[in-house]
Every structure is written in C-alpha cells, then in structure tokens.
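Have a look at the structure below before the remarks.
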Amino acid sequence: MATAKQTSIEDARQDFYDRMSPGNMTPLWQVLHSLVTPEPSSTCESAIWHYDEVRPFIEEAGNIITAEEAERRVLILENPGLRGQSRITTSLYAGLQLILPGEIAPSHRHTQSALRFVVEGEGAYTAVDGERTIMREGDFVITPTWTWHDHGNETDRPMVWMDGLDIPMIQFFDASFAERYPEPEHPISRPVGDSEARYGAGLLPDGYRNAGPSSPVFNYPYARTREALEQMRRRAEWDPCHGLRMRYVNPVNGDYAMPSIATFMQLLPAAFETAPYRSSDGIVFSVVEGHGETRIGDRVYQWGPRDIFVIPSWTSYVHVASEDAVLFSFSDRVVQEKLGFWREDRSRN
Ligand code: GTQ
C-alpha cells in the first residue's frame with residue numbers, strides 16, 4: 001500500500017503533468033521505455049494469405065468494379081496486428097492487383113515507389129515512363145518514385161500481381177505527391193525491351209550516367225532469375241539461413257533495385273531446413289515454386305505456390321522446403337542499412 005508521502009508525490013507529479021499538458025508538453029520518463037526499447041517491439045504479427053482462399057475475393061472484385069473506376073483494383077493485405085492502417089509490415093504496404101482482359105489501369109505518378117511481383121497470368125503489361133514491359137509469372141517489375149505508370153491487359157486471361165509499396169514510409173515523412181495523367185495511357189516513346197537491352201544485359205551504353213536512385217532496368221524476368229539459381233545450385237554453397245539467395249540489383253552501382261525496398265529471390269532445395277534467423281526488417285514472402293513450411297516464433301505456416309506470408313521484425317524463423325522451393329521476398333532492409341541500424345542474428349543455431 002502506498003504511504004501518504006508516496007501518494008502526495010504521485011499527486012504532485014500528476015498535477016505537474018496536468019499543468020504542462022495544455023502547453024503541449026509531456027514528461028519523457030513516463031514513456032521512455034516504450035520509446036527506446038531494448039529490442040524491436042511492435043504489434044506487427046506473422047500471417048499468411050493462402051492464394052486459394054484469396055483468389056475468389058479477387059475474382060469478385062473484378063465483378064464489382066472496373067480497373068478504370070477503381071484506378072487500381074487492389075485488395076490490400078493488411079497485417080492482422082495493424083488493421084486499418086493499409087500495411088503489411090510497419091513500414092510497407094502490399095496488395096493483390098487484378099487486371100482483366102481489355103482493361104487499363106490509368107496512368108498516374110506518385111512519390112511512392114512500387115514493385116510488382118507477378119503471381120498469376122501472363123502477357124499484361126506495365127508501362128513506365130513510356131515503355132511497356134510484358135509481364136509473366138515470377139517477374140519482378142519496378143515503378144520508381146515519380147515515374148508515370150499504367151497497366152493494361154491485351155490478352156484474354158486475367159492477371160494478378162502483388163504490389164509492394166513504401167506507402168507507410170511516405171506517410172511517415174508526410175511527403176506524398178500524386179497526379180493523374182490527362183489520358184488513360186502515357187504516350188509510348190520506347191519499344192518493348194529497350195531498357196532490358198540497354199541496362200540489363202551486363203552492358204551499359206558507353207558514357208551512361210544515371211543520377212536517379214532506382215535501377216534503370218524495370219523488369220527482372222523470372223526466366224533469367226530461375227536460370228541463375230539453377231546454374232548456381234550446382235556448386236551447392238548453401239547459406240545455412242537462406243539456402244541460395246540472390247539480391248536484385250541496380251546494375252549501375254550494385255545497389256538494391258530501389259532505394260526504399262530491398263528485394264530477393266532464393267532457392268531452397270528439397271528437404272532443406274534453414275537455421276534460425278532473425279533481422280530487424282519485417283519481411284514479406286511470395287512463394288513462386290514448391291511447398292514447405294515456415295516456423296515463425298511459435299507459429300507454423302504451410303505454404304505452396306502463390307501464397308504470401310509476412311515475418312515481423314526480429315522474430316526468429318525457419319523455412320523447411322518439402323520440395324525444391326523458390327521464394328521472392330521484400331523488406332525495408334535497404335533503408336535500415338543506409339541509415340546504419342540494420343541488424344541480423346544468426347547466433348541461435
Ligand atoms: O499500381 O500504381 O497497390 O498507386 C497501390 C497504389 C498500386 C499502382 C497499389 C498504387 C498502385
């Protein structure tokens with residue numbers, strides 16, 4: 001029981017806080033330990049979206065609204081611990097976008113950088129600043145900050161891809177700008193394949209200088225990524241925590257493809273079990289090939305092709321592949337590294 005003296009100190013303190021509050025002040029010592037935590041502490045949770053459960057809702061979205069009306073017909077994947085905030089991790093947004101045959105998602109540009117990771121279908125395009133790229137399953141496509149982009153589908157099949165954007169980061173900085181192009185489509189000024197030829201073939205135009213923060217290559221086709229992994233596996237140099245993992249890079253400077261979102265593709269051979277690992281970036285995974293499970297903290301998630309799952313910051317996880325598996329992933333690691341505070345922990349093996 002509090003003594004009379006303690007009570008009077010508490011009362012005096014509370015009175016003090018109450019008097020400063022109208023002046024928009026508050027004592028640090030009441031919040032210090034929730035602000036400066038010994039380890040990451042967030043309400044972000046692990047979660048999985050099984051594609052066969054999500055797909056009917058995507059299809060229904062296609063019946064309820066057009067791409068043109070919606071501007072972007074997307075179902076947001078919301079972290080269960082961050083509902084109502086349009087985010088899959090504390091710093092990143094993810095959604096599944098549907099584009100039906102004959103549709104155009106009209107051209108716009110915004111501060112937010114976006115990635116597309118193709119989950120289902122083949123042949124729709126994303127146009128970035130006047131150049132189209134045709135997308136196929138497993139392709140990784142970027143629309144860097146402030147580039148005009150529209151999406152279209154001239155095939156006879158629906159197409160679905162995962163969008164990953166830095167929306168929560170831009171929100172945090174209060175730095176969002178956006179505008180619509182006056183026409184549905186930005187004029188096409190370069191042929192399909194132009195950027196890939198110029199910047200994505202291990203060559204650069206002589207004298208080329210790219211001052212921008214993002215890669216000039218805007219489609220990293222799965223066929224090439226998969227071939228690289230298949231070739232490399234012959235050396236069998238498996239990272240205990242990641243299997244065989246490659247990082248998508250800007251060929252001009254070796255940096256990540258975009259300045260705010262780091263992206264990776266990894267191969268886990270059949271029966272491979274990764275060593276426990278955690279890092280200070282919350283990570284979103286999209287399964288491209290194979291079945292397996294990931295143990296995240298004390299939960300177990302079974303996955304197969306097209307499933308999407310999320311691992312919160314600093315939560316230990318283990319992947320187990322029951323057959324050869326290929327996983328795409330993205331996180332804010334690039335930002336944390338640039339700012340000098342990214343951490344990983346491989347010690348619990
Ligand atoms: O394709 O430009 O999922 O602006 C969210 C916002 C996609 C896009 C999203 C966007 C886009």
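Salt-bridge formation is not detected for the pair E227/R224: no Lys NZ or Arg NE/NH1/NH2 atom is positioned less than 4.0 Å from an Asp or Glu carboxylate oxygen. Between D239 and R245 there is no salt bridge, since none of the side-chain N atoms of the basic residue sits less than 4.0 Å from a carboxylate O of the acidic one. A salt bridge does not link R73 to E68: none of the charged side-chain nitrogens sits closer than 4.0 Å to a carboxylate oxygen. Contact check on E60 versus R55 returns no salt bridge, with no Lys/Arg side-chain nitrogen under 4.0 Å from an Asp/Glu carboxylate oxygen. The residues R299 and E293 are annotated as not salt-bridged, no charged nitrogen and carboxylate oxygen being separated by less than 4.0 angstrom. The pair K338-D255 counts as a salt bridge, with a side-chain nitrogen and a carboxylate oxygen less than 4.0 angstrom apart. Using a 4.0 Å cut-off between charged nitrogen and carboxylate oxygen, R226 and E289 count as a salt-bridge pair.
Centroid-to-centroid, the aromatic rings of W161 and H151 come within less than 6.0 Å. For F309 and Y301, the ring centers are positioned 6.0 Å apart or more. Between F328 and F140, the distance separating the two ring centers is shorter than 6.0 angstrom. Aromatic ring centres of H319 and F285: separated by under 6.0 Å.
Taking 4.5 Å as the limit, every side-chain heavy atom of H149 sits out of range of all side-chain heavy atoms of F218. With contacts defined as side-chain heavy-atom distances shorter than 4.5 Å, the pair C44/T90 qualifies. Considering only heavy atoms from C-beta on, S260 comes within 4.5 Å of S113 through its side chain. Within the 4.5 Å cutoff, side-chain heavy atoms of R72 are placed close to those of P106.
Ring geometry for W238 versus F272: interplanar angle of 30 to 60°, hence tilted. Relative orientation of the Y199 and Y208 rings is tilted, given thresholds of 30° and 60° on the angle between their planes. A tilted orientation is assigned to the rings of H186 and Y181, their planes being inclined by 30° to 60°.
Among all heavy-atom pairs drawn from L267 and L229, the shortest one is CD2-O, 4.0 Å.
For the atom pair I99 CD1 and D150 CG, the distance stands at 8.5 Å (nearest 0.5 Å).
In this structure, E78 contributes its side chain and R87 its backbone to no donor-acceptor pair below 3.5 Å. Panel note: side chain Q97, backbone V74; no donor-acceptor pair is recorded below 3.5 Å. Counting only distance, with no hydrogens or angles, the side chain of D307 and the backbone of G304 share a donor-acceptor pair below 3.5 Å.
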- request: Assess whether salt bridge (Lys or Arg N to Asp or Glu O under 4.0 Å) is satisfied between R306 and D52, documenting all intermediate values.
  value: CA-CA 9 Å; R306 297 173 171 158; D52 61 350; over 6 Å; no
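When each of N219, T126, D163 is paired with R116, the side chain to side chain donor-acceptor pair (under 3.5 Å) condition holds for D163 and for no other.
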